[in-house]
Structure formats: C-alpha cells, structure tokens
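Index from 1, following the sequence. Computed from heavy atoms alone, side chains included, the values below leave out hydrogens, waters and symmetry copies.
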Amino acid sequence: MRQGDEIELTAPDKEQENQHKDHRQRVRNRFRKEGLKNFEPHNILELLLFFAIPRKDTNVLAHQLIDRFGSLSEVLNAPAERLMEIKGISENAATLLTLIPELSRAYVEDLGKRQPISGVVKIKEYLFDILRSEVSEKVMLVCMDNRMDMLSADIISEGSVSFSVVDKRRIIDICLRHNATKAIIAHNHPRGRAIPSQADKEMTIGVRQALNALDVVLVDHVIVATDACLSMANDDRFSALF
C-alpha cells in the first residue's frame with residue numbers, strides 16, 4: 001500500500017465505528033442537556049478524553065484510570081508521566097487531564113476579579129475552590145475593606161505553613177497596597193483533614209500580631225482539605241485566637 005492510501009474498512013469495522021460515533025454523540029448530547037450533575041466519575045473522564053483520543057474506546061480508558069489512581073481528582077492531579085503508564089493514554093491526553101486543575105484555578109481566580117466577592121461565607125467558598133485541589137501546601141492572604149468586600153487574594157507562602165517562613169514584610173506590603181482594614185488567611189492540607197495543627201495556631205497568632213500593627217483585623221484562618229474546609233474563627237476551640 002502506498003503512503004497516503006486510505007484503509008478500506010470492512011462492513012463489521014464500519015458498523016463498529018458508526019456505533020462508536022453514535023455513543024460519543026449521545027454522551028455529548030447528555031452533557032449539553034444536563035451538564036455533569038448525573039455523570040459518574042468515569043463518564044466525566046470518558047467525555048474529556050473524547051477531545052484527545054478521537055477513535056479509541058475512552059470508556060475503557062476512563063475505568064482503567066479510576067482503577068489505577070482511585071478517584072477522579074487523583075487522576076486529574078496525577079503527573080503526566082504516570083498517566084501515560086496507562087496503555088492508550090497519549091501525551092496529548094495526559095496533557096489535557098493535567099490541564100484541568102490548573103484551568104479550574106485560573107477560572108475561579110479570574111471570576112473573583114470580575115465579580116466582586118463579599119462576606120466571609122463567599123470568601124471561604126472562593127478559598128475552598130482555589131486551594132482544595134492543590135497538591136502542595138500554600139498560604140493565601142485575602143485583603144478586605146470595612147464592608148467585607150474582597151480587595152485581593154495573594155499566595156504568600158508555598159511549601160510550608162510555618163509562620164517562620166511566612167514573609168511578614170510581604171503581608172504588610174500587600175495590606176498597605178490595598179488599604180485593607182480586614183484580612184483572612186487560608187492554607188491547605190493536601191491529602192489531609194481540615195483540622196488545625198499546633199503550627200496552624202502559631203501562624204494565626206503571628207499573622208494577627210503583624211496585622212494588628214497596621215490596625216488590620218484578622219477575621220479568620222481557613223483550613224482547606226480536599227473535601228472540606230474549617231473556619232477557625234467560627235470554631236469554639238480556636239475562636240479565642242482572633
């Protein structure tokens with residue numbers, strides 16, 4: 001066969017390909033009609049992989065990914081190299097999967113800039129969306145005005161939540177830059193639970209003292225895990241820290 005010649009499919013092959021196309025179209029139509037609300041995790045992966053793997057049965061691949069990594073979030077947080085250990089997951093497919101958490105964070109961050117977020121509850125939801133899928137520890141500082149409108153949200157530390165490595169000068173500069181009168185700090189516990197440690201308590205005290213020098217009130221310290229978050233200010237065990 002010369003290069004460029006098309007392979008002629010047999011009748012059974014054509015029937016199988018048509019069934020495959022029909023199935024993909026049904027999945028797309030279902031998504032357009034109802035969103036992802038009633039999709040199982042493997043159905044979500046199957047749909048996503050349509051856009052990187054044009055011909056293979058992505059339902060089988062989706063099940064293999066869930067079986068290997070344990071959950072949808074673990075699949076999406078896995079390094080591309082490990083994803084490509086699954087036969088049939090190409091570099092394009094792995095790149096698409098690893099793009100999703102980053103895209104989600106960029107979307108939430110941009111949404112926060114375009115649609116003002118106000119009040120502790122809304123800001124807590126925003127922080128949960130930002131930090132829940134992070135695979136390394138990060139500390140964020142949210143600046144607010146007297147009406148509790150969010151003025152900024154900045155990452156002030158990565159890799160550790162110890163107050164000793166938090167840049168106090170950076171906290172002060174950010175608050176002054178935005179004329180903040182109130183602030184919230186938040187950090188995540190990757191693969192852990194939303195329960196404050198002794199280091200978390202010490203960081204709360206240290207940040208509160210740094211902010212007090214600026215007459216900025218520390219309103220809360222939010223601890224974020226993959227499936228939950230905790231407000232230290234609203235927990236009787238820690239509220240005295242504020």
task: Nearest 0.5 Å please: distance from the CD atom of Gln64 over to the CD1 atom of Ile86.
output: 6.0 Å
query: Shortest non-hydrogen contact from Phe128 to Cys229?
result: CD1-CB, 4.0 Å
- request: Using a strict 4.0 Å threshold on nitrogen-to-oxygen distance, state whether Glu137 and Arg191 make a salt bridge.
  value: no
task: Examine Phe51 and Leu61 and state if one hydrophobic cluster contains both, with Ile, Leu, Val, Met, Phe, Trp and Tyr joined whenever side-chain heavy atoms are less than 4.5 Å apart.
output: yes
task: Give the C-alpha distance, both sets of side-chain angles, the deciding distance and a yes or no for side chain to side chain contact (heavy atoms under 4.5 Å, CB included) between Thr181 and Val217.
output: CA-CA 6 Å; Thr181 57; Val217 177; over 6 Å; no
query: Do Phe31 and Leu47 touch side chain to side chain, with heavy atoms closer than 4.5 Å?
result: yes
message: Are more than 12 heavy atoms, taken from residues, nucleotides or ligands other than Arg170, located less than 6.0 Å from that residue's CZ atom?
response: yes
statement: Taking every heavy atom of Leu151 against every heavy atom of Ala180, the minimum-distance pair comes out as CD1-CA, 4.2 Å
- prompt: Atom OG in Ser118, atom CZ in Arg147: separation rounded to 0.5 Å?
  reply: 7.5 Å
Contact summary for Lys138 and Asn188, nearest pair of heavy atoms: N-OD1, 2.7 Å
- prompt: Cation-pi between Arg82 and Phe69: NZ/CZ under 6.0 Å from ring centre and within 45° of the ring axis?
  reply: no
- request: State the CE-CG distance between Met140 and Leu131, to the nearest 0.5 angstrom.
  value: 5.5 Å
field: Under 3.5 Å side-chain donor-acceptor pair for His221 and Asp200
entry: no
- prompt: Same cluster for Ile195 and Val224 if Ile/Leu/Val/Met/Phe/Trp/Tyr side chains link at under 4.5 Å?
  reply: no
field: Electrostatic pair Asp173-Arg177, nearest N-O below 4.0 angstrom
entry: no
task: Nearest 0.5 Å please: distance from the NZ atom of Lys182 over to the CG atom of Asp149.
output: 11.5 Å
message: Tell me which one of Ile185, Val222, Ile223 satisfies side-chain contact (heavy atoms from CB on, under 4.5 Å) with Met232.
response: Ile223
message: Ignoring hydrogens and geometry beyond distance, is a side-chain donor-acceptor pair present between Glu46 and Asn59 at under 3.5 Å?
response: yes
Charged N-O contact under 4.0 Å between Glu85 and Arg68: yes
message: Just verifying a value: how many Å separate Asp154 CG and His178 NE2, rounded to the nearest 0.5 Å?
response: 5.5 Å
query: Are Val139 and Leu214 in one and the same hydrophobic cluster, where Ile, Leu, Val, Met, Phe, Trp and Tyr link if side-chain heavy atoms are under 4.5 Å apart?
result: yes
message: Less than 4.5 Å apart, side chain to side chain, heavy atoms only: is that true for Ile44 and Glu40?
response: no
- prompt: Which pair of heavy atoms, one from Ala93 and one from Ala52, lies closest together, and at what distance?
  reply: CA-CB, 3.6 Å
- prompt: Does the side chain of Ser231 come under 3.5 Å of the side chain of Asp220 through a donor N or O and an acceptor N or O?
  reply: yes
statement: One should read off an interatomic distance between Asp129 CG and Lys124 NZ, to the nearest 0.5 angstrom, of 12.5 Å
- request: Start with the C-alpha gap between Leu45 and Val75, add the side-chain angles, then the distance that decides, and say whether side chain to side chain contact (heavy atoms under 4.5 Å, CB included) holds.
  value: CA-CA 9 Å; Leu45 282 176; Val75 171; 4.0 Å; yes
- prompt: Do the side chains of Arg208 and Phe242 get nearer than 4.5 Å, heavy atoms only?
  reply: no
task: Might you point out which heavy atoms bring Pro190 and Val135 nearest each other, and give the distance in Å?
output: CB-O, 3.7 Å
Sub-4.5 Å side-chain heavy-atom contact between Leu241 and Ile205: yes
- prompt: Considering only heavy atoms from C-beta outward, does the side chain of Leu65 approach that of Leu97 to under 4.5 Å?
  reply: yes
message: Using side chain to side chain contact (heavy atoms under 4.5 Å, CB included), reason through Ser239 and Asn234 one step at a time and then give a plain yes or no.
response: CA-CA 6 Å; Ser239 57; Asn234 289 333; over 6 Å; no
- prompt: Take atom CD in Glu74; do more than 12 heavy atoms of anything else shown fall under 6.0 Å from it?
  reply: yes
query: Got a donor-acceptor contact below 3.5 angstrom from the Arg30 side chain to the Asn38 backbone?
result: yes
- prompt: Hey, are Asn29 and Arg32 close enough side-chain-wise for a donor-acceptor pair under 3.5 Å?
  reply: yes
Cluster check Leu36, Ile100: I/L/V/M/F/W/Y, side chain < 4.5 angstrom: yes
- prompt: Is Val60 reachable from Phe50 through a run of hydrophobic residues whose side-chain heavy atoms are each under 4.5 Å from the next?
  reply: no
query: Under 4.5 Å between any side-chain heavy atoms of Arg237 and Leu230, yes or no?
result: yes
- prompt: Closest approach of Leu83 and Ala94, non-hydrogen atoms and distance?
  reply: CD1-O, 3.9 Å
Student check: side-chain heavy atoms of Asn92 and Leu96 closer than 4.5 Å: no
- request: Indicate yes or no: at least one non-hydrogen side-chain atom of Arg26 is less than 4.5 angstrom from one of His23.
  value: yes
task: Please name the residue in the list Ile172, Ile174, Asn179 that meets the side-chain contact (heavy atoms from CB on, under 4.5 Å) test with Leu176.
output: Ile172
